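Since we're looking at a predicted model, the values are computed, not measured. Below, read A as the first sequence line, B as the second, and so on, with proteins coming before strands; counting in each chain starts at 1.
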2 protein chains.
Amino acid sequence: MTDVRPYTALIERLKLAGLRPTRQRLALAKLLFDTADDQTDRHVTAEQLHSEAMEAEVRVSLATVYNTLHQFTDAGLLREVVVDSGRSYFDTNIDDHHHFYFEDNGRLQDIPGAAVRLAELPEAPAGAAIKRVEVIIRVRED
Amino acid sequence: MTDVRPYTALIERLKLAGLRPTRQRLALAKLLFDTADDQTDRHVTAEQLHSEAMEAEVRVSLATVYNTLHQFTDAGLLREVVVDSGRSYFDTNIDDHHHFYFEDNGRLQDIPGAAVRLAELPEAPAGAAIKRVEVIIRVRED
DNA sequence: ATACTTGCAAATCGTTTGCAATACC
DNA sequence: GGTATTGCAAACGATTTGCAAGTAT
């Protein structure tokens, strides 16, 4: 089942985003977006992704992981989620959706977009435009 | 208009919270909760509060500001708001409410509780209980 | 050939900690 | 007096940066 030219689609995706398909960006994109496994939504920190890369025998520096995550975010391939001061999560699900945050262990979990509905939203403050509405449901294991 | 025994109420408040009314806690409480000025909602970072203390000629170390902010938060006098990775805000408004976050300049602004209404909420994941629902509306100055 | 990327190590930022000195009850 | 609190400076963890070396087009 090992694909002989496995990266074609990812290369295209990076090029479209205006990013050179370098070895490290490809490898990270594979780890992030290649859903050979089941889940479509991943929430990774830079450290986590770096560890995964190491396990996968991919040599990438932590600095490059940071750079890449931000480039992917700027390119709209990822979304940054802030729930914990001092730790940034990157979400591979860029659709409109919200999150459960497990404060005990720092895990994030997607809430399907339809499960949260806002009945009423304030208008943006004068001189400002709404960029995104984020709902974070903080939960505690019991 | 300078009160001769200005701290009585704050002292009581700290005692009720189980905190010794020390000089530095009182001074910080005054800066945070004394609404001689207009606004009832303040969103401060530790650094900001420390600066204010310096300007007010109150000698407090930054470490103590951090300690105090967390103690106040644990005691329910403050609420911590996380919108920016790497920076913690403390909100003097502990009522149920949500926030606008101005990404350009890092300013936070309360949204009155009634202006956001959630029509539908998911139930908590199995084995977990909802601790708080936070709505953050990220806005951009234009 | 050239501009973009990478890796490394050092630097930075916000925050926390250990511990001796000090203040509150 | 005994315990809680403070300040300092060092330690910390996550993230960023400068720059020389490597790589994609």
Side-chain angles (χ1 to χ4, degrees), chain A residues 7-8 10-31 43-54 57-75 77-78 80-90 105-106 108, chain B residues 7-8 10-29 31 43-54 57-75 77-78 80-90 106 108:
Chain A
Y7 293 113
T8 331
L10 287 176
I11 290 178
E12 227 22 66
R13 199 151 167 199
L14 290 182
K15 280 188 180 168
L16 277 172
L19 296 169
R20 279 192 188 173
T22 64
R23 181 177 61 74
Q24 15 298 70
R25 291 211 267 241
L26 268 173
L28 296 177
K30 187 161 203 307
L31 289 172
H43 305 93
V44 295
T45 63
E47 295 275 6
Q48 281 167 17
L49 185 57
H50 186 243
S51 299
E52 283 185 35
M54 301 315 254
E57 314 268 326
V58 179
R59 294 196 313 82
V60 202
S61 76
L62 183 54
T64 296
V65 172
Y66 275 105
N67 288 337
T68 303
L69 285 172
H70 285 132
Q71 291 155 354
F72 284 9
T73 301
D74 292 346
L77 303 175
L78 290 177
E80 191 172 357
V81 182
V82 178
V83 278
D84 181 12
S85 151
R87 209 183 221 56
S88 260
Y89 292 82
F90 294 87
N105 57 21
L108 266 179
Chain B
Y7 293 113
T8 330
L10 288 175
I11 290 177
E12 227 22 65
R13 199 152 167 199
L14 290 182
K15 280 189 180 165
L16 278 171
L19 297 169
R20 281 192 188 172
T22 64
R23 181 177 61 75
Q24 16 294 72
R25 290 211 266 239
L26 268 173
L28 295 178
L31 288 172
H43 306 93
V44 294
T45 64
E47 295 274 6
Q48 280 166 19
L49 185 57
H50 185 242
S51 300
E52 283 185 34
M54 302 314 253
E57 314 269 326
V58 179
R59 292 197 315 83
V60 202
S61 76
L62 184 54
T64 296
V65 172
Y66 274 105
N67 287 337
T68 303
L69 285 172
H70 286 132
Q71 291 155 354
F72 284 8
T73 301
D74 293 345
L77 303 176
L78 289 177
E80 191 172 356
V81 181
V82 178
V83 280
D84 182 13
S85 151
R87 207 181 222 57
S88 261
Y89 291 82
F90 294 86
L108 267 179

Q: In whole angstrom, give me the gap between the C1' atoms of D:dG7 and D:dA11.
A: 16 Å
Q. Got a sec, which residues hit side-chain hydrogen bond (donor to acceptor under 3.5 Å, both in side chains) with A:S61, two or more places apart in sequence or on another chain?
A. A:T64
(Q) My understanding is that only residues two or more places apart in sequence, or in another chain, count here; which of them pass side-chain hydrogen bond (donor to acceptor under 3.5 Å, both in side chains) with B:T45? (A) none
Q. Out of curiosity, B:L26 CG to B:R20 CZ, how far, rounded to the nearest 0.5 Å?
A. 13.5 Å
Q. In whole Å, what is the span from the CE atom of B:M54 to the C1' atom of D:dG7?
A. 12 Å
(Q) Rounded to whole Å, how long is the line connecting atom NZ of A:K15 with atom P of C:dC4? (A) 17 Å
Q: Taking the side chain as every heavy atom from C-beta outward, state whether B:V58 and B:Q24 have any atom pair closer than 4.5 Å.
A: no
**Q.** A:R59 atom CZ, over 12 foreign heavy atoms within 6.0 Å
**A.** no
Q: Kindly express the pairing pattern of DNA chain D in dot-bracket notation, using | wherever a base pairs with another strand and counting only Watson-Crick or G-U pairs under 3.5 Å.
A: ||||||||||.|||.||||||||||
Q. Within less than 4.0 Å of OP1 or OP2 of D:dG7, is there a side-chain N or O belonging to B:Q24?
A. yes
Q.
Between A:T22 and C:dT6, is there a contact of a side-chain N or O with OP1 or OP2 at under 4.0 Å?
A. yes
**Q.** Side chain of A:T64 - closest among C:dT6, D:dG7, D:dT5
**A.** C:dT6
Show the distances under 3.5 angstrom between N or O atoms of the protein and N or O atoms of nucleotides 14-22 of chain D.
residue: D:dA14; atom: O3'; partner: A:G86; partner atom: O; Å: 3.3
residue: D:dT15; atom: OP1; partner: A:S88; partner atom: N; Å: 2.8
residue: D:dT15; atom: OP2; partner: A:Y66; partner atom: OH; Å: 2.4
residue: D:dT15; atom: O5'; partner: A:Y66; partner atom: OH; Å: 3.2
residue: D:dT16; atom: OP2; partner: A:H70; partner atom: ND1; Å: 3.4

Q: Calculate the interatomic distance between B:F72 atom CZ and D:dT5 atom C1'; express it in whole Å.
A: 13 Å
Q | 4.5 Å side-chain heavy-atom contact, A:V82 and B:D84 | A | no
Q: Mind calculating the distance between CG (A:L14) and P (C:dC4) to the nearest angstrom?
A: 17 Å
Q) Could you state the CZ-P distance from A:R23 to C:dT6, rounded to the nearest angstrom? A) 9 Å
**Q.** Length of the line joining B:E80:CD and C:dT15:C1', which is rounded to integer Å
**A.** 11 Å
Q: Could you tell me whether the side chain of A:L77 reaches within less than 4.5 Å of the side chain of A:L14, counting heavy atoms only?
A: yes
Q. Taking only residues two or more places apart in sequence, or in another chain, which ones meet B:F90 in a ring pair (Phe, Tyr, Trp, His ring centres under 6.0 Å)?
A. B:H70
Q: Apply side-chain hydrogen bond (donor to acceptor under 3.5 Å, both in side chains) to A:R25 and list each qualifying residue two or more places apart in sequence or on a separate chain.
A: A:Q71
Q: Mind calculating the distance between NE2 (B:H50) and P (C:dT16) to the nearest angstrom?
A: 15 Å
Q) CG of B:L49 versus C1' of C:dT15: gap in Å, rounded? A) 15 Å
